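Computed from a prediction, not measured in an experiment: that's the story for all the values here.
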Amino acid sequence: QVQLVESGGGSVQAGGSLRLSCAASGLTPYSWYCMGWFRQAPGKEREGVGSINNGDTNVRYAESVKGRFTISQDNAKNTLSLQLTNLKSEDTGLYYCAAIPVRVQGWCSLESRGYNYWGQGTQVTVSS
């Protein structure tokens, strides 16, 4: 049974930082999965923030977060992280991690329809 549990959200002022974590279980083998971070603001569609291929650590980011957000992976602990820096009010939203088995190396999708396992989300609120 796959389970993804996000943590680390909170309320910060603009310019601040947060570190989100996603503890994964049931993804076997872990290296066969693409994992992604997504966010959804009230009244808006869910959007991809970044993704990583657990097999070759290829990472990609949405243009809106490049240079500010960093994805990292601890394969030994099956934990995905997202470091958020220089936060802006438009970064406010519910942040989800997601996973999909791919079994190949290369770039992973930033489209939510490309993933079939989802966590419950962790709220990030940035005040200006």
* To do: Please step through side chain to side chain contact (heavy atoms under 4.5 Å, CB included) for the pair Val12 and Thr125, ending with a clear verdict.
  => CA-CA 6 Å; Val12 298; Thr125 302; over 6 Å; no

* Asked: Yes or no on side chain to side chain contact (heavy atoms under 4.5 Å, CB included) for Val2 and Leu27, after CA distance, side-chain angles and deciding distance?
  -> CA-CA 6 Å; Val2 174; Leu27 302 182; 3.5 Å; yes

* Step by step, work out the side chain to side chain contact (heavy atoms under 4.5 Å, CB included) result for Ser51 and Trp107. => CA-CA 8 Å; Ser51 64; Trp107 304 112; over 6 Å; no

* Stepwise side chain to side chain contact (heavy atoms under 4.5 Å, CB included) check, Val124 with Leu18 -> CA-CA 8 Å; Val124 172; Leu18 284 172; 3.8 Å; yes

* Could you check Gln120 against Tyr96 for side chain to side chain donor-acceptor pair (under 3.5 Å), going step by step and ending with a plain yes or no? => CA-CA 7 Å; Gln120 294 300 308; Tyr96 300 89; over 6 Å; no

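Nearest heavy-atom pair across Gln83 and Ser17 is NE2-CB, 4.1 Å. Looking at every heavy atom in both residues, Asn53 comes nearest to Val104 through ND2-O, 2.9 Å. Pairing each heavy atom of Asn86 with each of Arg68, the nearest pair is O-NH1, 3.0 Å. The two residues Leu4 and Met35 make their nearest non-hydrogen contact at CD2-CE, 4.1 Å. Of all heavy-atom pairs spanning Arg60 and Cys108, the tightest one is CD-O, 2.7 Å.
A side-chain donor from one of Tyr30 and Gln73 sits under 3.5 Å from a side-chain acceptor of the other.
Side-chain atoms of Arg39 do not come within 3.5 Å of backbone N or O of Gly93 as any donor-acceptor pair. In this structure, the side chain of Asn54 does not engage the main chain of Cys34 through any donor-acceptor pair within 3.5 Å. In this structure, Ser89 contributes its side chain and Ser127 its backbone to no donor-acceptor pair below 3.5 Å. Judged purely by atom type and a 3.5 angstrom limit, Ser31 has no side-chain atom pairing as donor or acceptor with the backbone of Pro29.
Taking 4.5 Å as the limit, every side-chain heavy atom of Asn58 sits out of range of all side-chain heavy atoms of Ile52. At a threshold of 4.5 Å between non-hydrogen side-chain atoms, the residues Ser7 and Thr122 do not count as touching. Proximity of Ser72 to Arg19: side-chain heavy atoms (C-beta onward) are separated by under 4.5 Å at one or more points. Residues Ile71 and Leu80 meet the side-chain proximity criterion, which asks for heavy atoms closer than 4.5 Å.
Taking the six-membered ring for Trp and the full ring otherwise, the centers of Phe69 and Trp37 sit at least 6.0 Å from each other.
Residues satisfying the ring-ring contact (aromatic ring centres under 6.0 Å, His included) test with Tyr33, not counting sequence neighbours, are none.
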